[in-house]
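To keep things clear, I will list the structure first and then write my remarks on it.
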There are 2 protein chains.
Amino acid sequence: MKKPIATQSVQDYLKHIYELTEHGSSASTGALAQRLNVKPASVTGMLRKLAAEDPPLVEYQKHQGVMLTADGRRAALEVIRHHRLIEAWLVQSLGYSWDEVHEEAERLEHVISEEFERRIDAALGHPTRDPHGEIIPGADLSMPEDESMPLSALRPGRSATVLRVLARDPNLLRHLDSLGLTPGARIEALDYSPFDNNLTIRVGEKMHVLGLNITTKVFVRFDGESHKD
Amino acid sequence: MKKPIATQSVQDYLKHIYELTEHGSSASTGALAQRLNVKPASVTGMLRKLAAEDPPLVEYQKHQGVMLTADGRRAALEVIRHHRLIEAWLVQSLGYSWDEVHEEAERLEHVISEEFERRIDAALGHPTRDPHGEIIPGADLSMPEDESMPLSALRPGRSATVLRVLARDPNLLRHLDSLGLTPGARIEALDYSPFDNNLTIRVGEKMHVLGLNITTKVFVRFDGESHKD
DNA sequence: AACTTTTTTTAGTCTTAACTAAAATTTGAC
DNA sequence: GTCAAATTTTAGTTAAGACTAAAAAAAGTT
């Protein structure tokens, strides 16, 4: 198993391809360009390069979108492991709040050594989730199945536990924090309005009415679901 | 409230637009053409016509796909109510099996009178679901929220009740029947394999391993969910 | 059966997204 | 700082999907 030294750009491409394709479908050139803040032509060029690597990191047919190969997926998970470990470390060891860590981690993830990765992993006690509740891939780059469901699927009468939030915007993260919607929070669905998709929930003593903007970004485990560990 | 007499073609267009757009997104010209077995150019022509009706039945911006207006939605639900009532009537009154009714209903739905609709509705005791478990819109064309979740979302340790199956292919329907996966069936998830998305379930005494082909077409209510009526 | 209206198809055009190649910029190595 | 390699942009081309208009076919009417 060789260790190809990917550049920061390549790492970013692989990471974003992973995030766009983790649930099956392939990623379009345009969608990638938007996420990476580059022009579509740049994406096409990079995809051709990644597909021509030995071994190939992506599977790419022009006009048909892109998917990661097994090798590409491993490389992406290595970057994601760095990112999430760093976020956990910034919060737990340096007192950052969860809305301040993304940008910092975005730069550090590409430059830390394997040794540094092992040190912070050990210092944190081998955490399995980052501050947003996202699963941290294992040192062997294994990625457990994500069992969470969007809050938008919770119906009145059922309760659930927040597992993770899918958000990077600091303003949104602070807002979620003020609502008490952080990993581990226990919530109960009280009412649902089909017309506008608003969900009324209780968190602790407080009640909130949430729109799709939030209910599709907070992921929970329904009460009664089995779970390992 | 006037009663516009829509042709069979118009009814079919509206029905398929409803089915493609009921979960929010808009329907593309190509997707509609495929479902209706016509060329894309025919779809474009019909969409222009439907958008020019008074009142307009669809909202249509060229190259941007199509959605139903409130009037178009009502017209679509009228057809769907006919279709599903007829299916229920064929099964309960004429001894058809659930894999034989779709084609017949497809032709009858356009030609029955309002009086005929009321008669079979009354004869069946105002049913709320058709033989596949699909919700039958009310006489007032109200459509209750569908609370079902795909079987693919059920995880080991949880049990559920089959609410509906999304299938018209007679072979698939007979297969589901042989597995015991019909509306009302109680099932329990025993095992899940993330790698290939296979779900092992128990139905009565029998165990089955199901792939995505089936788990995305069978819709259930998880045990413990609240529900009206 | 002839006529009218509706719907579909054919053939060619346009729009959007994606692609290629060349030039410019950025990054990394010495 | 200079050179080489990697990446991005610009500008122009191509591909896929969707559109228009005219003609053909199908359905409905008298």
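Here is how names work: the chains are called A, B, and so on, in the same order as the sequence lines, proteins then strands, and each is numbered from 1.
For the side chain to side chain contact (heavy atoms under 4.5 Å, CB included) test, residues two or more places apart in sequence or in another chain that qualify with B/Thr21 are B/Ile17, B/Ala27. Considering only residues two or more places apart in sequence or on other chains, B/Asp177 meets the salt bridge (Lys or Arg N to Asp or Glu O under 4.0 Å) condition with none of them. Among residues two or more places apart in sequence or in another chain, the salt bridge (Lys or Arg N to Asp or Glu O under 4.0 Å) test is passed with B/Asp121 by B/Arg81. Remark: B/Arg73 pairs with no residue by the side-chain hydrogen bond (donor to acceptor under 3.5 Å, both in side chains) rule, at least two apart or across chains.
In this structure, B/Gln11 atom CD and C/dT6 atom P are separated by 15 Å, rounded to whole Å. Rounded to whole Å, the distance from CD on B/Gln34 to C1' on D/dA18 is 15 Å. In this structure, CZ of A/Arg35 is placed 16 Å from P of D/dT8, rounded to the nearest angstrom. Atom C1' of nucleotide D/dA6 and atom CZ of A/Arg48 are separated by 15 Å, given to the nearest angstrom. Distance, A/Asp12 CG to D/dT8 P: 9 Å, rounded to whole Å. Between the CD atom of B/Gln61 and the P atom of D/dA18 there is a distance of 15 Å, rounded to whole Å. One can place OH of A/Tyr13 at 15 Å from P of D/dA6, the figure rounded to the nearest angstrom. Between A/Met46 atom CE and D/dT8 atom C1' the separation is 10 Å, expressed in whole Å.
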Distances for protein N or O near nucleotides 25-29 of chain D N or O, under 3.5 Å:
none

Would you list the protein and nucleotides 10-16 of chain D atom pairs, both N or O, that sit under 3.5 Å from each other?
from, atom 1, to, atom 2, distance (Å)
D/dA15, O4', A/His63, NE2, 3.4

Which protein N or O atoms sit under 3.5 Å from an N or O of nucleotides 2-5 of chain D?
none

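Heavy atoms of other residues, nucleotides or ligands lying less than 6.0 angstrom from CD of A/Glu59 number 12 at most. Within 6.0 Å of CD in B/Glu104 there are more than 12 heavy atoms belonging to other residues, nucleotides or ligands.
Under a 4.0 Å N-O distance rule, the pair B/Glu103/B/Arg168 does not qualify as a salt bridge. One finds no salt bridge joining A/Arg84 and A/Glu109 here, because no Lys/Arg side-chain nitrogen approaches an Asp/Glu carboxylate oxygen to under 4.0 Å.
As judged by a 4.0 angstrom heavy-atom cut-off over every strand, A/Thr44 is placed among the base-contacting residues. Using a 4.0 Å heavy-atom cutoff across all strands shown, A/Val10 reaches sugar-phosphate atoms only and no base atom.
Checked against a 6.0 Å centroid threshold, the rings of A/His102 and A/His83 count as neighbours. Taking the six-membered ring for Trp and the full ring otherwise, B/Trp89 and B/Tyr96 have centroids separated by 6.0 Å or more.
Within the structure, ring pair (Phe, Tyr, Trp, His ring centres under 6.0 Å) pairs that include any residue of residues 10-36 of chain B do not occur (at least two apart or interchain). The salt bridge (charged side-chain N to carboxylate O under 4.0 Å, His left out) analysis of residues 24-34 of chain B, with sequence neighbours excluded, yields no pairs. The stretch residues 85-99 of chain B participates, sequence neighbours left out, in these salt bridge (charged side-chain N to carboxylate O under 4.0 Å, His left out) pairs: B/Asp99-B/Arg174. Applying the ring pair (Phe, Tyr, Trp, His ring centres under 6.0 Å) test to pairs two or more places apart or on separate chains, those with a residue in residues 120-142 of chain A are A/Trp98-A/His132.
Base pairing in DNA chain C gives the following stems of 3 or more Watson-Crick or G-U pairs, range against range and under 3.5 Å: C:1-30 with D:1-30.
For the pair B/Tyr60 and D/dA18, the criterion of a side-chain N or O lying under 4.0 Å from OP1 or OP2 is not met. Between C/dT6 and B/Lys49, no contact under 4.0 Å exists linking OP1 or OP2 to a side-chain N or O. For the pair B/Thr29 and D/dC19, the criterion of a side-chain N or O lying under 4.0 Å from OP1 or OP2 is met.
For B/Thr7, the listed nucleotide lying nearest its side chain is C/dT6; candidates were D/dC19, C/dT9, C/dT6.
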